[in-house]
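What follows is a short report on a single structure.
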Amino acid sequence: MRNYGKGILAGLAATVVLSVLMVMKAMMGILPALDLPRMIAGMMGAPDAPLLGWIVHFIIGVVGYGIAIAVFGNSSTGIGNVWRGIVMAMVGWLVMMVVLMPMAGAGFFGMKIGIMAPMMTLVLHIIFGAVLGWVYGRLIGNDHRLAGVRAQV
């Protein structure tokens, strides 16, 4: 049985954490050219509508990753949900680097922005994935597998 509702809640929690970190980054003036909501809005033809970018960002994080963790978070592969969330987020990061960044005009791996762009986005994705997997594991009562090892009973 899939826990889609719990996955969506986990996606919401992880997206809120990620969004707070993104806002903090912007408030500190770190890498101002890396404005992901504005980049998303720009790819949609509305570069002056960052709210649209935020909405898409939340849809991807809450619905996309939420459903994905529910689909892949219940398997008995021996990998814990935190690691599963991190792996999923790293796959998302790679897609962002090779597809979305070039589409947004930032170049392959965002190198037109600078070397910090891929590194910062990777760290943010890892944090997002860890939160996603941890919250999902807690919600489904499967947090004993956080370290990726089955509990011995």
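We're numbering straight along the sequence, starting at 1.
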Checklist outcome for this item: Taking every heavy atom of I69 against every heavy atom of G66, the minimum-distance pair comes out as CG2-O, 3.2 Å
Checklist entry - Who pairs with F109 by ring-ring contact (aromatic ring centres under 6.0 Å, His included), at least two apart in sequence or on another chain? => result W93
Next on the checklist: Looking at H57 and G53, would you say the former's side chain and the latter's main chain have a donor-acceptor pair under 3.5 Å?
Outcome noted: no
Checklist entry - With a 4.5 Å limit on heavy-atom distance, are the side chains of V20 and M24 in contact? => result yes
Checklist entry - Which of parallel (below 30°), tilted (30 to 60°) and perpendicular (above 60°) describes F58 and W54? => result tilted
Checklist entry - What about L122 and V91, same hydrophobic cluster or not, with Ile/Leu/Val/Met/Phe/Trp/Tyr joined at side-chain heavy-atom distances under 4.5 Å? => result no
Item to check | Nearest non-hydrogen partners of A49 and A41, listed with the distance | outcome: O-CB, 3.2 Å
Checklist entry - Between K25 and M120, is there a donor-acceptor pair closer than 3.5 Å when you use the side chain of the first and the backbone of the second? => result no
Checklist entry - Between M22 and L124, what is the shortest heavy-atom contact and its length? => result CG-CD1, 4.4 Å
Checklist entry - Hey, what do you get for OG1 (T15) to CD1 (I8), rounding to the nearest 0.5 Å? => result 11.0 Å
Checklist entry - How far does CE of M96 sit from CE of M103, to the nearest 0.5 angstrom? => result 12.5 Å
Item to check | Path from V16 to L36 over hydrophobic side-chain contacts below 4.5 Å | outcome: yes
Checklist entry - From L52 CG over to I40 CD1, what is the distance, rounded to the nearest 0.5 angstrom? => result 9.0 Å
Checklist outcome for this item: In this structure, CZ of R84 is separated from CG of L132 (nearest 0.5 Å) by 11.0 Å
Next on the checklist: Tell me whether V23 shares a hydrophobic cluster with F128, the cluster being built from Ile, Leu, Val, Met, Phe, Trp, Tyr side chains joined at under 4.5 Å.
Outcome noted: yes
Item to check | Y4 and V71: CA distance, side-chain angles, deciding distance, side-chain contact (heavy atoms from CB on, under 4.5 Å) verdict | outcome: CA-CA 8 Å; Y4 295 114; V71 169; 3.9 Å; yes
Checklist entry - If you take all heavy atoms of A10 and L139, which pair is closest and at what distance? => result N-CD1, 4.1 Å
Checklist entry - Would you find more than 12 non-hydrogen atoms of other residues, nucleotides or ligands less than 6.0 Å from M43 atom CE? => result yes
Checklist entry - Looking only at heavy atoms, which two atoms of V135 and A13 are closest? And how far apart? => result CG2-CB, 4.1 Å
Item to check | Spacing of I86 atom CD1 and N81 atom CG [to the nearest 0.5 Å] | outcome: 11.0 Å
Checklist entry - Do you know which two heavy atoms are closest between P47 and R38, and how far apart they sit? => result O-NH1, 3.0 Å
Next on the checklist: When you compare the side chain of I127 with that of L21, does any pair of heavy atoms fall below 4.5 Å?
Outcome noted: yes
Next on the checklist: Counting only heavy atoms from other residues, nucleotides and ligands, does the tally under 6.0 Å from CE of M28 exceed 12?
Outcome noted: yes
Item to check | Straight-line distance of M39 CE to M101 CE, nearest 0.5 Å | outcome: 4.5 Å
